[in-house]
Amino acid sequence: MSRAQDRSPKTQDLSPKPRPPMFSRFFIDRPILASVPSIIITLVGLVAAYSLPVAQYPEITPPTIRVNCTYPGASAKVVADTIAAPIEQQVNGVENMLYMLSQCSNDGTYQLTVTFKVGTNLDMAQVLVQNRVAMAQPVLPDVVKQTGVTTRKRSPDMMLMVHLVSPHGRYDQLYLSNYAVIHVFDEISRLDGVGDVFVMGQRDYSMRVWLDPDRLTSLGMTAGDIVKALREQNVQVAAGQIGQQPAAKGVDFQYTMSTLGRLTEPEQFRAIVVKTGADGQVIRLGDLARVELGAKNEDIRSYLDGMPAAGVAVFQLPGANALATAQAVKNKMEELKQHFPEDLEYRTYYDTTPYISESITGVFHTLRDAVLLVALVVLVFLQNWRSALIPLIAVPVAIIGTFAAMAIMGFGINTLSLFGLVLAIGIVV
């Protein structure tokens with residue numbers, strides 16, 4: 001019995017052992033082939049990450065086009081009847097428009113905000129609105145046509161604001177406003193990523209004429225007579241040339257005539273002749289009015305910490321990188337600061353980009369901590385460096401590759417997408 005038992009075949013465990021799925025097995029057996037797609041995914045994700053638009057919030061706010069014009073001296077009702085009615089009648093129903101909002105003020109200003117659907121091309125929307133406004137211009141008052149009707153694209157989200165202030169009070173708001181318009185406005189408008197620049201509290205230098213109504217009445221004149229005299233004598237005239245060909249024989253020289261054109265000093269305006277008498281009497285503007293160089297509008301004021309200031313609001317271009325644009329604005333202001341006069345400074349209190357940069361930094365910290373914790377747990381429980389190395393490589397590849405998917409789906413880097421990326425990191429881990 002002992003021999004028979006020795007000759008009997010030994011029992012073996014023939015049950016199939018668990019094997020990885022076919023798809024996973026394919027890459028496990030071919031590590032080099034697995035590395036190639038990982039490198040490609042990482043490179044594509046990195047390229048997409050630098051091309052994605054960066055903003056504080058996603059573009060869920062409808063874009064707007066703003067129409068502005070001024071009817072000096074008109075009341076809100078007159079503006080509504082003579083300006084708002086014809087313009088809105090033509091603009092109503094423009095392509096992709098959601099709604100429009102108009103404001104008529106007693107200072108003669110008119111503002112129309114046309115809101116379009118999300119995703120509408122702002123450049124095309126501006127062209128469409130301009131074409132509609134041009135159809136209404138023939139019926140607008142002549143004064144409005146002379147001052148002009150402006151149509152601008154406006155992003156509803158302000159990126160940052162730069163204030164010009166005079167800490168020791170050397171300059172008033174009129175000077176600060178004009179300095180911002182002349183030396184800051186154009187420089188910032190030319191930067192990449194800047195969609196619009198708006199100077200808050202803008203006051204343009206203008207020649208203000210304060211008429212004496214009693215003197216006008218005694219002379220039998222009206223304000224319209226004064227305006228007519230100003231238009232006739234404050235013009236840029238082409239005086240022509242002397243000796244221009246064909247000329248008479250003996251004329252050997254040709255001279256270009258230059259005359260006094262538009263007046264610039266208060267004394268020149270005071271010397272304007274507004275009426276003459278039958279016996280040669282001359283009545284000048286200074287005899288019945290007070291002339292001074294002041295602000296065009298006195299009803300707008302801007303302050304920062306109790307000091308007169310000129311606020312330069314910068315709006316981001318849709319699809320632009322907010323971090324790069326804000327940094328370009330700050331660099332440009334540092335460059336312009338070198339030419340500021342004494343007692344003129346700029347301050348940036350309102351800035352939305354720090355929230356974006358902090359969110360991006362938080363995502364990197366979350367990714368770093370998650371990868372290190374996973375590698376530590378795997379190393380402690382499996383006691384295998386190779387097993388710990390796999391999540392160190394796989395998790396960053398999956399996260400960086402997410403940026404490529406975001407680019408394909410039209411997403412951008414903002415607070416909400418970064419929050420979703422943090423959740424995706426937890427899912428991958």
Side-chain angles (χ1 to χ4, degrees), residues 16-61 118-119 157 193 316-327 352-429:
K17 296 181 179 179
R19 301 183 63 185
M22 202 62 189
F23 184 78
S24 301
R25 188 70 186 177
F26 180 81
F27 287 100
I28 291 175
D29 295 338
R30 299 168 178 81
I32 297 179
L33 182 61
S35 302
V36 174
S38 300
I39 296 174
I40 295 176
I41 292 174
T42 304
L43 293 178
V44 173
L46 289 175
V47 172
Y50 285 99
S51 63
L52 289 175
V54 181
Q56 184 179 9
Y57 298 110
E59 294 182 13
I60 58 177
T61 306
V118 178
D157 299 326
Q316 177 186 350
L317 190 68
N321 189 320
L323 296 179
T325 304
Q327 188 60 42
T352 62
T353 55
Y355 303 98
I356 308 173
S357 58
E358 289 298 326
S359 300
I360 295 176
T361 303
V363 170
F364 282 110
H365 291 171
T366 303
L367 178 61
R368 178 200 62 193
D369 299 341
V371 172
L372 293 179
L373 287 175
V374 170
L376 180 61
V377 171
V378 172
L379 180 62
V380 169
F381 285 92
L382 298 183
Q383 299 294 321
N384 189 339
W385 281 103
R386 183 179 180 182
S387 301
L389 187 62
I390 292 176
L392 288 175
I393 300 175
V395 174
V397 171
I399 298 302
I400 295 175
T402 305
F403 291 111
M406 293 172 61
I408 295 174
M409 300 179 67
F411 292 165
I413 299 177
N414 49 69
T415 306
L416 297 181
S417 62
L418 291 177
F419 177 73
L421 194 60
V422 172
L423 297 179
I425 293 173
I427 296 174
V428 172
V429 169

Distance col, row L379:CG vs L372:CG, nearest 0.5 angstrom, shows 12.0 Å
Locate the shortest heavy-atom distance separating T353 from A326; write the atom from each residue and the value.
CG2-CB, 3.4 Å
My understanding is that only residues two or more places apart in sequence, or in another chain, count here; which of them pass side chain to side chain contact (heavy atoms under 4.5 Å, CB included) with I40?
V36, V44
Partners of I41 by side chain to side chain contact (heavy atoms under 4.5 Å, CB included), sequence neighbours excluded?
V397
Under the side chain to side chain donor-acceptor pair (under 3.5 Å) rule, collect the residues that match up with Q327, sequence neighbours excluded.
N331
Output a table of donor-acceptor pairs, distance under 3.5 Å, between side-chain atoms of residues 398-410 and any protein atom two or more places apart or on a different chain; print 'none' if there are none.
residue	atom	partner	partner atom	Å
T402	OG1	A398	O	2.8
T402	OG1	I399	O	3.2

Min side-chain heavy-atom separation P396-T42 under 4.5 Å:
no
